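What follows is a short report on a single structure.
Model, not experiment: these values are computed from the prediction.
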Amino acid sequence: MYSEKVLNCFMNPQNVGEIQDADGVGTVGNPRCGDIMKIYLKIEDNIIRDAKFKTFGCGAAVATSTMLTQMIQGKSIDDALQITNQDVAKALDGLPPVKMHCSCLAEEALKAALWDYAQKNQLTIEGLEPPKSVAEEEHEEIAE
Amino acid sequence: MYSEKVLNCFMNPQNVGEIQDADGVGTVGNPRCGDIMKIYLKIEDNIIRDAKFKTFGCGAAVATSTMLTQMIQGKSIDDALQITNQDVAKALDGLPPVKMHCSCLAEEALKAALWDYAQKNQLTIEGLEPPKSVAEEEHEEIAE
Amino acid sequence: MIYFDHAATTPVRSEVLEAMLPFFSEKFGNASSVYKLAQVNKKALDDARAKVATILGAQPNEIYFTSGGTEANNWALKGMAEALRKQGNHLITTKIEHHAVLRTCQYLEKQGFEVTYLDVDENGLITPEQVEKALKKETILISIMYANNEIGTIMPVAEIGKIARTHGVIFHTDAVQAVGQLPIDVNRDQIDLLSLSGHKFYGPKGTGALYVRRGLPLPSLLHGGGQERGRRGGTENVPGIVGLATALELAYQDLDIKTAKIQALRDYMIDGIYQRIPHCRLNGDRTQRLPNNVNFSFAFVEGESLLLLLDLEGIAASSGSACTSGSLDPSHVLLALGLPHELAHGSLRLTLGENNTREEVDLLLEKLPLFVQRMRDMSPLYEDYLKQNS
Amino acid sequence: MIYFDHAATTPVRSEVLEAMLPFFSEKFGNASSVYKLAQVNKKALDDARAKVATILGAQPNEIYFTSGGTEANNWALKGMAEALRKQGNHLITTKIEHHAVLRTCQYLEKQGFEVTYLDVDENGLITPEQVEKALKKETILISIMYANNEIGTIMPVAEIGKIARTHGVIFHTDAVQAVGQLPIDVNRDQIDLLSLSGHKFYGPKGTGALYVRRGLPLPSLLHGGGQERGRRGGTENVPGIVGLATALELAYQDLDIKTAKIQALRDYMIDGIYQRIPHCRLNGDRTQRLPNNVNFSFAFVEGESLLLLLDLEGIAASSGSACTSGSLDPSHVLLALGLPHELAHGSLRLTLGENNTREEVDLLLEKLPLFVQRMRDMSPLYEDYLKQNS
Ligand SMILES: Cc1ncc(COP(=O)(O)O)c(C=O)c1O
Ligand SMILES: Cc1ncc(COP(=O)(O)O)c(C=O)c1O
């Protein structure tokens, strides 16, 4: 059901990890839906110098995280904001219909991270709205 | 679905035909049910000397007609009346459930023929009741 | 063995069985699973769906696989009745539908629906005008078979489709006997739902499909897992579905040539019977007729006894429809033609297939007159007839 | 390929396919026809029915063949609800039934029935007392699965049967996962209706059966010809039915030996996973459990990603049930156990079959810990956990 590209991005994920001194961090999704995506950004002079992610989710979620973080590396904030979930999906040679929401999640995670960056630096980024919920859900305690 | 015996009686029917100067004739069944059985009896000294039949019907109807006419040949009227539809069916090594009514028809046809004999000769035969309907249905005209 | 009962069922074509075989034990995955093993099955399903859609002139996502024609008919009728109950409670069908439609209609009557059963003429046909006249403002569904299974009559489906569309009424057709023999186009004929069954065109038993025009609000009949886009639960019968689609595709290869051959054989048989046997009647319209169907009534003779004689000679035929041959009722189809009961009980259906030969028909034409005469000689009705006419 | 998804479906056993083959193209007659060709089929059907009856401790005329477990479940529930509507409108089932039961119950709720969905405990079990407490005077049907398809829990069927009988309530059980693995006796367990599905025990897909205790007034779900003693229309799928019966018979040959082997492998797998992977949880009761079922939740990890990694290693497993894997909902069964959503999303079901080996399990035990760790290293939830506990 997944394209070769998706499988490839899933098997060889790029940019997994944290950025300790990130300039912006965004977490979207919730356990109810089965996907949580967290994006870390390092931003200098309006340019995304580095992007990393942590994702709890299916193969498509991991692949879109990989693809998105690759696509935004080195881009200006404005250019990065032009990237839509459709672009991410297209870059992966498509996603199964039930998995399209993963690409939306990626787009939202990016926006959440940029929002966080804007908040921290008291900037206004054109066209950027506050994320609907920055990790609003409580994560239930996970028992062994 | 039919036993060997039924098939045999159907393929090699015995006693098919009319008895021109029959002492008793009985017709039962109707076209609606798909079976009509007509039995001719030649009776002398209370003994069935000859029995013949004509039957419109399925394989089981033909087979039961054959079997019944064979079973009653040479029997006294009283002995013939002892023969039940079960006996006929048993003599055929059984009939499929949906075809059991054919054996009833045979029993009824015999009784109708004996009733006809009794009527003609103003006799009372112990245990013999008038047939429910001696060919009461009109046969619709058959067009080519 | 000479097989003249192709309307009852057909053998699975060897190419079809071959196409099915890998999916039993080797590519056996559950088509709904995520792993690779199952993707083969999902693809096989998709291909099958596309093939069926192409043949019917439909889209793949308008095809739903079922366990046969019966399920397809039950689903179409009960489903649409349930969905449209608020709009009306009236259905239109005919008196000569298959029991899978008739008994479903009777069930719906018990649930408060009203059903008009259209009369057919002595040839087993209805007119589009009858359908139009029967329409009421409460009418929600017209279900009229494409072709009849006993007498082979082909209904004026395109005209009915037009009437249905004009009046905004949903049109279902039981095309179980037509599919595989007649070119079908659901758009040309403005059909909204169409039932078909695999084993009637050299596919496997226990397989069928329902075409459902996109956008129709058909609820599920079998609730369960999310199979068939959430509309028909149950683990997909992959080998069966592959078999159905392969058989369907093959049925429509060189259809013209096959039809011409079978139809010629049919006409040869009909003419031969007429010439050799007096007091008989071809049931069903002579020309608006399936290419493979022959159905005769022989006066004074009951049908099953003829079947038995033919069977003992190695010739398989049927009387009435196969599924009711266990019962004693005369054919409701023949009664609807206006036949008296004797004739309704005395019918013989011979349905041809691709592999039947002229020699086989010749053997039938040699034996059948003898068998009919033999049963007539035994028949009290024939005796009466002779007496009346002597 | 290592196949650990026998609860989803099984390959058709070679002996089964062999038994089926003659009925596709050679002995292809319609089992309801009168001629000799068809008598072979009728006999094959009768034999199959007798075999199934014997295995279940039932009578042949209590067995009805269907197109699968889904149809059997739909038929049992909708049929009994319709038949007993006048006596009451209340049904009892559990929260962890298969969708073929749950969605049918939801449908019945829309038709005015009231359904009690019993809670299960954290091991996926209900108690007979819960059933007894849920009874009302309007209760007409109890439908509780024999064994669960996701977590393998075996329900206290005999006790429920006893309660049902005592209170004069009909008892249906979806035994689709149990049949072929557990000895079944409908009289011992006082079961009134029982559903089974062929492809779960090395039989063909698209086949199933419903046991219906003699005398139960079950109306038809599929109306049509007079097949299945007038209760289930549709030309009989003879090859499929023969396959189902053959597979069932073979499943119960040396059942003890096979069960011992599979169960040992199951326990080896469970112990191995517990030993090698921290933060995991076996879902489903440890002992009241199907011999072939292993189901784990791994904290911080989503299930599908594990499936993919396993698949790429040639190991087929499942997460949730196969038929819902296309959907995004977490397993309703795991939620019913009280698992938080992360864990409900993070489950892995491994279901063993006769041909699985210890070597295969060893490979899984080697790979799985790596895969779980790999996904944890990617997981923001694991990151949070580590931070909180450092
Ligand atoms: C418990 C249970 N019930 C019902 C079904 C449905 O059976 P089928 O897919 O054969 O219709 C399944 C399997 O899919 C099952 O596991
Ligand atoms: C016209 C028609 N409709 C429906 C059916 C039912 O199809 P199936 O037996 O495949 O369920 C048949 C054949 O049996 C048929 O001839």
Pairs of heavy atoms under 4.5 Å with chain D: top-ranked of Gly233(C), Gly68(C), Ala31(C): Gly233(C)
Toward chain C, the part of Asp311(D) with a non-hydrogen atom under 4.5 Å: both
Quick check: do Thr70(D) and Thr235(C) have side-chain heavy atoms less than 4.5 Å from each other? no
Under 4.5 Å to a heavy atom of chain C? For Tyr202(D) that would be neither
Could you grab the distance from atom OG of Ser67(C) to atom CG of Leu222(D), nearest 0.5 Å is fine? 6.0 Å
Under 4.5 Å heavy-atom distance to chain D, tell me which part of Leu221(C) shows up: side chain, backbone, both or neither. both
Please evaluate residues Lys205(D) and Phe24(C) with respect to the criterion side chain to side chain contact (heavy atoms under 4.5 Å, CB included), reporting the C-alpha separation (whole Å), side-chain torsions for both, the decisive distance (0.1 Å), and the verdict. CA-CA 8 Å; Lys205(D) 294 177 176 58; Phe24(C) 284 108; over 6 Å; no
How many angstroms lie between atom CG of Leu108(D) and atom NE2 of His223(C), to the nearest 0.5 angstrom? 8.5 Å
Counting only heavy atoms closer than 4.5 Å, note whether Ala317(C) contacts chain D via side chain, backbone, both or neither. backbone
What is the distance from atom OG1 of Thr9(C) to atom CG of Leu37(D), rounded to the nearest 0.5 Å? 9.5 Å
If you tally heavy-atom pairs under 4.5 Å against chain D, which of Ile241(C), Asn74(C), Leu310(C) wins? Asn74(C)
Is it the case that more than 12 heavy atoms not belonging to Lys42(D) sit under 6.0 Å from its NZ atom? no
Given heavy-atom pairs under 4.5 angstrom as the criterion, report whether the side chain, backbone, both or neither of Thr10(D) touches chain C. backbone
Kindly compute the distance separating CG (Asn30(C)) from NZ (Lys200(D)), expressed to the nearest 0.5 Å. 6.5 Å
Non-hydrogen atoms of Asn237(D) and Gly206(C) that approach each other most closely: CB-CA, 3.9 Å
Is Thr207(C) close to chain D through its backbone or its side chain, or both, or neither, when contacts mean heavy atoms under 4.5 Å? neither
In short, Pro11(C) meets Ser25(D) closest at the heavy-atom pair CB-O, 3.5 Å
Leu17(C) portion near chain D, given a 4.5 angstrom heavy-atom threshold: side chain
With a 4.5 Å heavy-atom cut-off, do His199(D) and Phe28(C) have their side chains touching? no
Hey, could you give me the CG/CG distance between Leu21(D) and Leu21(C), rounded to the nearest 0.5 Å? 6.0 Å
How would you list all residue pairs meeting salt bridge (Lys or Arg N to Asp or Glu O under 4.0 Å) that involve residues 13-32 of chain D, not counting sequence neighbours? Arg13(D)-Glu354(D)
Among Arg232(C), Glu82(C), Gln106(C), which residue forms the greatest number of heavy-atom pairs with chain D at distances under 4.5 Å? Glu82(C)
Non-hydrogen atoms of chain C under 4.5 Å away: do they reach the side chain of Leu312(D), the backbone, both or neither? both
When the ring planes of Tyr3(D) and Tyr35(C) are compared, do they come out parallel, tilted or perpendicular, using 30° and 60° as the limits? perpendicular
